[in-house]
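Below, read A as the first sequence line, B as the second, and so on, with proteins coming before strands; counting in each chain starts at 1. Only heavy atoms go into these numbers, but all of them, side chains included; no hydrogens, no water, no symmetry mates. Note that the coordinates shown come from a computational prediction; the quantities given were computed from them, not determined experimentally.
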Amino acid sequence: MKLNSKIPEGKLEEKWRNYQVKSQLINPANKKKLNIIVVGSGLSGAGAASTLAELGYDVQCFCYQDSARRAHSVAAQGGINAAKNYQHDGDSVYRMFYDTLKGGDFRSREANTYRLAELSAPLIDHFVQQGVPFAREYGGTLVNRSFGGVQVQRTFYARGQTGQQLLLAAYSQLYKMVRAKKVAMFPRSEMLDLVVIDGKAKGIIVRDLVTGKLKRFAADAVVLATGGYSRVFRLSTLAIGCNGSALWKAHKKGALFGAPSFTQIHPTALPQSSEAQSKLTLMSESLRNDGRIWVPTKKADSRKANDIPEQERDYYLERRYPSFGNLAPRDIASRAAKERIDAGFGVGRLKNAVYLDFKHPIQTFGLETVKDRYGNLFKMYKKITGIDAYKEPMQISPAAHFSMGGLWVDYELMTTIPGLYAIGECNFSDHGANRLGANSLLQASIDGYFILPNTINNYLASEIKTDHPTTDHPEFDKAEKETKAYIDKVLAINGTKTVDHFHRELGKVMWQECAMSRNKLGLEKAIFQIKRIKNQFWKEVKVTGDDKEMNTELEKALRVADFIELGILMCTDALEREESCGAHFREEFQTKEGEAVRIDEEYSYVSAWEYDKGDFKLHKEALKFEFVKPSVRSYK
Amino acid sequence: MKITFKIWRQNSPKHKGAIKNYEVEGLTEDMSFLEALDHLNELLVLKNEKVIAFEYDCREGICGQCGVFINGRAHGPHDNITTCQLHMRSFNDGDTIVVEPWRATSFPIIKDLVVDRSAFDRIIEQGAYISSKTGTAPEANAIPVPKAISDRAMDAAACIGCGACVATCKNASAALFTSAKINHLNSLPQGKAEEHKRVAEMTYQMEAEGFGNCTFTGACEVECPESISIINIAEMNARRIKSNLLGS
């Protein structure tokens with residue numbers, strides 16, 4: 001298979017314009033005749049569904065939650081980046097592009113990354129017009145703050161609830177189009193298979209989570225906007241329902257999976273406190289703007305944080321990365337925390353955390369200013385831990401957070417299956433091997449609002465000449481029958497272990513071997529172990545209830561079965577890439593000081609994996625850097 | 001910890017429901033309340049019983065999907081938190097905890113502790129948006145919004161749509177939910193063009209869904225995880241009068 005990234009001609013700043021000039025258009029009367037399925041109603045899904053509907057397409061949108069407003073975009077706290085240069089601090093589209101490309105350790109396409117930066121400014125205009133109450137100065141203009149990995153202030157925010165406010169804006173716009181009868185919304189519906197007819201994506205099989213009924217939906221194009229799959233680690237900052245099943249079904253039907261192992265481990269989550277824990281709560285990275293991270297200089301120091309004098313505190317990020325300090329990018333900050341914790345300097349009951357301290361900012365700016373900036377985060381911290389972080393430092397710890405990897409897409413965001421698109425976190429596109437803070441909401445929105453509604457015409461313009469697909473096609477019969485058989489098979493096992501048991505086992509292996517640092521032996525062992533978990537799952541799992549009713553245990557089982565297979569692919573990908581880049585840190589490839597060693601001569605490509613009867617075949621998309629010379633990524 | 005749960009079980013809207021007792025051992029104070037229910041569900045699977053259906057997603061208090069009555073209070077014994085933010089350290093070893101679904105005619109039960117809150121989506125559908133298409137926005141700083149106004153809009157916009165306000169209200173009123181959204185959009189300059197239409201249509205839908213009237217007891221703001229003030233309801237009522245007089 002030859003991968004064609006479809007990068008347009010021309011200079012970096014002209015590519016998107018050149019693309020739009022040449023892209024095919026569809027007249028409004030014809031758009032009405034075309035329908036598009038959007039799976040997922042988060043920022044990218046809701047943005048795409050509402051915008052496509054505004055353009056005249058007929059849209060069906062699906063989500064597993066009870067309402068589109070629950071999608072996990074809602075939980076993003078810190079903000080959204082845009083190259084507005086409102087702060088007059090030297091920002092520009094080019095600088096934002098370069099920061100993002102460098103932040104991703106030169107493992108993404110120049111053209112995609114540039115487009116992300118280029119479209120960021122009009123996106124802020126869009127959200128302000130939709131009524132997002134971004135933070136304002138007294139004079140009424142928009143406020144910015146800085147975020148990890150950059151030295152300018154380009155992050156827009158709405159308290160610590162930016163994701164919520166953007167998602168609610170997208171949800172509102174979506175329901176505007178529901179009212180206009182241009183979007184049909186299907187909540188409590190989970191996609192269980194993709195239907196491919198004559199090599200093109202033409203529909204999906206959905207399980208109604210209330211009645212358990214399988215339903216067929218046909219469309220001229222299918223858009224996946226299903227978010228990240230870091231619940232493969234079980235413990236993550238993601239919502240409990242987040243899953244990789246739609247991606248996995250698409251992968252098995254022929255869509256290549258890009259850089260599956262590139263996973264961001266967030267440095268500032270709350271530490272795990274027990275085995276029964278279901279998730280790790282994120283504390284926004286924006287806290288690192290003012291908060292200072294440290295551990296005691298003495299191993300296993302049992303004193304209370306406030307009793308440890310200044311000279312016995314190791315502000316290790318400031319020590320190791322003097323120019324970026326506490327604002328070092330996420331992968332670097334997480335790895336540095338792991339290094340200190342593993343070396344025995346961890347704090348907290350389980351010695352698995354580091355301190356994030358606000359003593360100095362409170363002294364410098366006053367309590368009121370700190371409250372105004374981070375008030376709700378401190379409140380949340382108190383709710384969960386019972387600790388007042390204005391009086392003593394927070395305890396934080398790294399946690400799985402974001403999938404840079406996802407379905408491989410070209411410049412048009414189309415996967416290797418014609419007519420199947422992947423947008424937002426579920427694709428591999430702009431972030432390379434590490435995503436910068438506040439670029440996630442940005443990419444999800446840009447994909448959904450601005451890029452897909454332009455690029456999908458280019459495909460549909462030719463589809464208008466073919467017959468509209470119908471659900472009585474034999475491929476629909478086949479897909480529904482297979483899905484039914486698969487569900488029956490899970491229910492028939494009737495073993496002795498719960499779904500959560502297998503998810504915990506999988507999570508432990510993945511966290512141990514395929515998270516912040518990886519090595520050959522460990523990954524080989526992990527693949528072996530996960531295959532064993534898979535075997536045991538299909539022999540010993542027990543799911544009660546049946547498939548003709550609301551059955552949350554069955555939903556979990558189907559998701560975990562897919563996570564297990566995805567876990568094998570992630571380890572396979574991490575094993576193949578014998579270099580360290582971004583979040584992918586291979587222990588064999590590091591300097592004496594413990595910094596990553598990237599090997600551009602051999603690994604300057606995007607790994608795109610093909611599913612081959614339970615095995616995986618690697619394809620490579622070479623990354624060409626025409627405008628920027630990849631440099632050693634230093635934050636010292 | 002050992003806890004006796006008394007939990008509402010109801011197989012479907014058509015079936016009759018009842019409280020069932022479950023004694024659970026081996027819980028710890030660090031567990032969240034929902035993790036305790038997870039634990040109970042694992043025990044039920046191993047005993048070949050159907051799991052208890054209950055709602056959750058983000059488990060960090062922002063998605064609004066979780067929500068049950070715990071010992072007679074929406075989201076449990078504390079003010080202004082979600083069910084997922086409640087921890088077992090709020091209970092004592094040996095306690096009995098009664099768990100019921102949201103109680104409101106407009107939130108019909110689907111199964112066990114799961115209710116249908118789609119009435120909220122239908123209220124949103126009736127005007128909780130600004131009718132500008134993607135790609136038509138003016139420059140973001142072209143319209144200044146004073147900080148005080150933006151902050152007030154944000155206070156109201158913070159609503160997570162969990163439904164605790166309705167569930168705890170003796171009238172099952174959705175006034176806090178509806179007013180928060182109206183005030184968020186109507187207080188911003190971008191929302192002004194449709195302000196009267198929005199108030200009229202959203203409040204009409206709120207009543208059409210069968211939610212009761214607000215009698216201003218203030219019960220809702222005690223449970224609201226985002227501490228949204230009932231002043232919003234007064235403001236909505238004022239806007240409603242204004243919209244009746246001035247709206248087209």
Side-chain angles (χ1 to χ4, degrees), chain A residues 51 54 65-67 69-70 72 74-75 84 86 122 124-126 128-131 133-142 158-159 161 164-165 168 172-173 175-176 178-179 187 210 239-241 273-274 276-279 281-282 380 383-384 386 449 453 498 500 542 544-545 549-550 552-553, chain B residues 12 28 30-32 34-35 38-39 41-42 44-46 48-51 53 55-65 81 85 89 110-111 114 117-118 120-121 124-126 128-134 137-141 144-147 150 153-154 157-158 161 184-185 188 190-191:
Chain A
T51 304
E54 285 172 359
Q65 298 94 337
D66 76 323
S67 164
R69 67 179 297 151
R70 316 283 184 214
H72 200 54
V74 81
K84 282 282 199 187
Y86 282 164
I124 297 303
D125 302 342
H126 171 76
V128 166
Q129 180 59 23
Q130 294 295 324
F134 284 119
R136 300 269 177 175
E137 304 284 1
Y138 285 101
T141 53
L142 290 153
R159 292 200 188 134
Q161 289 157 265
Q164 182 205 23
Q165 292 310 310
L168 292 183
S172 295
Q173 204 180 343
Y175 268 82
K176 176 186 80 178
V178 169
R179 186 183 190 181
V210 176
I240 306 297
S273 61
S274 80
Q277 199 154 335
S278 57
K279 86 157 266 158
T281 301
L282 178 73
M380 185 164 97
K383 277 181 194 173
I384 295 168
Y449 284 110
T498 62
D500 284 328
K542 185 176 181 70
T544 52
E549 59 179 345
M550 176 177 270
T552 48
E553 203 62 18
Chain B
S12 79
T28 63
D30 279 338
M31 278 182 167
S32 74
L34 294 182
E35 283 161 5
D38 288 340
H39 181 70
N41 269 347
E42 284 203 72
L44 289 179
V45 169
L46 296 174
N48 208 22
E49 287 180 43
K50 283 186 186 182
V51 295
E55 300 250 46
Y56 51 82
D57 206 25
C58 77
R59 297 215 180 177
E60 54 182 88
I62 193 72
C63 78
Q65 183 141 344
I81 64 167
Q85 290 171 317
R89 60 176 163 270
I110 294 174
K111 184 176 185 175
V114 177
R117 283 167 293 190
S118 56
F120 273 7
D121 290 332
I124 295 296
E125 192 181 320
Q126 296 302 313
Y129 46 76
I130 292 162
S131 297
S132 301
K133 288 184 184 176
T134 300
E139 214 292 322
N141 262 346
V145 182
K147 184 175 187 305
S150 175
M154 181 62 218
H184 157 213
L185 292 173
L188 292 170
Q190 288 82 3

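At least one donor-acceptor pair under 3.5 Å links the side chain of B:E35 to the backbone N or O of A:S278. Side-chain atoms of B:N141 come within 3.5 Å of backbone N or O of A:L142 as a donor-acceptor pair. Side chain of A:Q164 to backbone of B:A158: a donor-acceptor contact under 3.5 angstrom is found.
The part of A:Y86 that comes within reach of chain B is its side chain, from C-beta onward, which places non-hydrogen atoms under 4.5 angstrom from that chain. B:K111 touches chain A through its side chain: at least one heavy atom from C-beta onward sits under 4.5 Å away, while N, CA, C and O do not. Heavy atoms closer than 4.5 Å to chain A are found nowhere in B:S118, neither backbone nor side chain. With a threshold of 4.5 angstrom between heavy atoms, B:M154 approaches chain A through its backbone and through its side chain. At a 4.5 Å heavy-atom cutoff, the contact between A:H72 and chain B is made by side-chain atoms alone. In this structure, the portions of B:S131 lying under 4.5 Å from any heavy atom of chain A include both its backbone and its side chain. The parts of B:Q126 that come within reach of chain A are both its backbone and its side chain, each placing non-hydrogen atoms under 4.5 angstrom from that chain. Using a 4.5 Å cut-off between heavy atoms, B:L188 touches chain A through its side chain atoms alone.
Between A:E54 and B:S132, the closest heavy-atom pair is OE2-O, 4.0 Å. Contact between A:M550 and B:A53 at its shortest, heavy atoms only, is SD-CB, 4.2 Å. Of all heavy-atom pairs spanning A:K383 and B:R89, the tightest one is O-NH2, 3.9 Å. When every heavy atom of B:V45 is checked against every heavy atom of A:T544, the shortest pair comes out as O-CG2, 3.8 Å. For the residue pair B:M31 and A:A276, the shortest heavy atom distance occurs at CE-CB, 3.2 Å. Nearest heavy-atom pair, B:A157 versus A:P133, reported as atom, atom and distance to 0.1 Å: CB-CG, 4.0 Å.
You'll find the side chain of A:Q129 reaches within 4.5 Å of the side chain of B:P138, heavy atoms only.
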Please report the C-alpha distance between B:N48 and A:K542 in whole Å, then the side-chain angles of each, then the deciding distance to 0.1 Å, and finally whether the side-chain contact (heavy atoms from CB on, under 4.5 Å) criterion is met. CA-CA 8 Å; B:N48 208 22; A:K542 185 176 181 70; 3.0 Å; yes
For B:T134 and A:Q173, run side-chain contact (heavy atoms from CB on, under 4.5 Å): C-alpha distance rounded to whole Å, both residues' side-chain angles, the deciding distance at 0.1 Å, then the answer. CA-CA 9 Å; B:T134 300; A:Q173 204 180 343; 3.0 Å; yes
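Interface remark: of the candidates A:I240, A:L282, A:V210, A:I240 forms the most heavy-atom pairs closer than 4.5 Å to chain B. Here B:E125 is the residue among B:K133, B:H39, B:H184, B:E125 with the most heavy-atom pairs under 4.5 Å with chain A. The candidate from B:I62, B:D38, B:L34, B:I81 with the greatest count of non-hydrogen atom pairs under 4.5 Å with chain A is B:I62. With chain B as the partner, the residue from A:E137, A:M380, A:Q65 showing the most heavy-atom pairs under 4.5 Å is A:Q65. Chosen from A:D500, A:T281, A:I124, the residue pairing most often with chain B at heavy-atom distances under 4.5 Å is A:D500. Here B:Q65 is the residue among B:Q65, B:E49, B:Q85, B:E55 with the most heavy-atom pairs under 4.5 Å with chain A. Of the listed residues (A:S274, A:A158, A:P453, A:S67), the one with the most heavy-atom contacts under 4.5 Å to chain B is A:S67.
For the atom pair CG of A:L168 and CD1 of B:I124, the computed distance is 8.0 Å after rounding to the nearest 0.5 Å. Taking CD of A:E553 as the start and NZ of B:K50 as the end, the distance is 13.0 Å to the nearest 0.5 Å. One finds the CG atom of B:L185 at 6.5 Å from the OG atom of A:S172 (value rounded to the nearest 0.5 Å). Separating the OH atom in B:Y56 from the OG1 atom in A:T552 is a distance of 5.5 Å, to the nearest 0.5 Å. Summarising the geometry, atom CZ belonging to B:R117 is positioned 4.5 Å from atom CZ belonging to A:R70; distances are rounded to the nearest 0.5 Å. Remark: A:K279 NZ to B:E60 CD distance equals 3.5 Å, nearest 0.5 Å.
We find that B:E139 and A:K84 are joined by a salt bridge, their nearest charged nitrogen and carboxylate oxygen being less than 4.0 Å apart.
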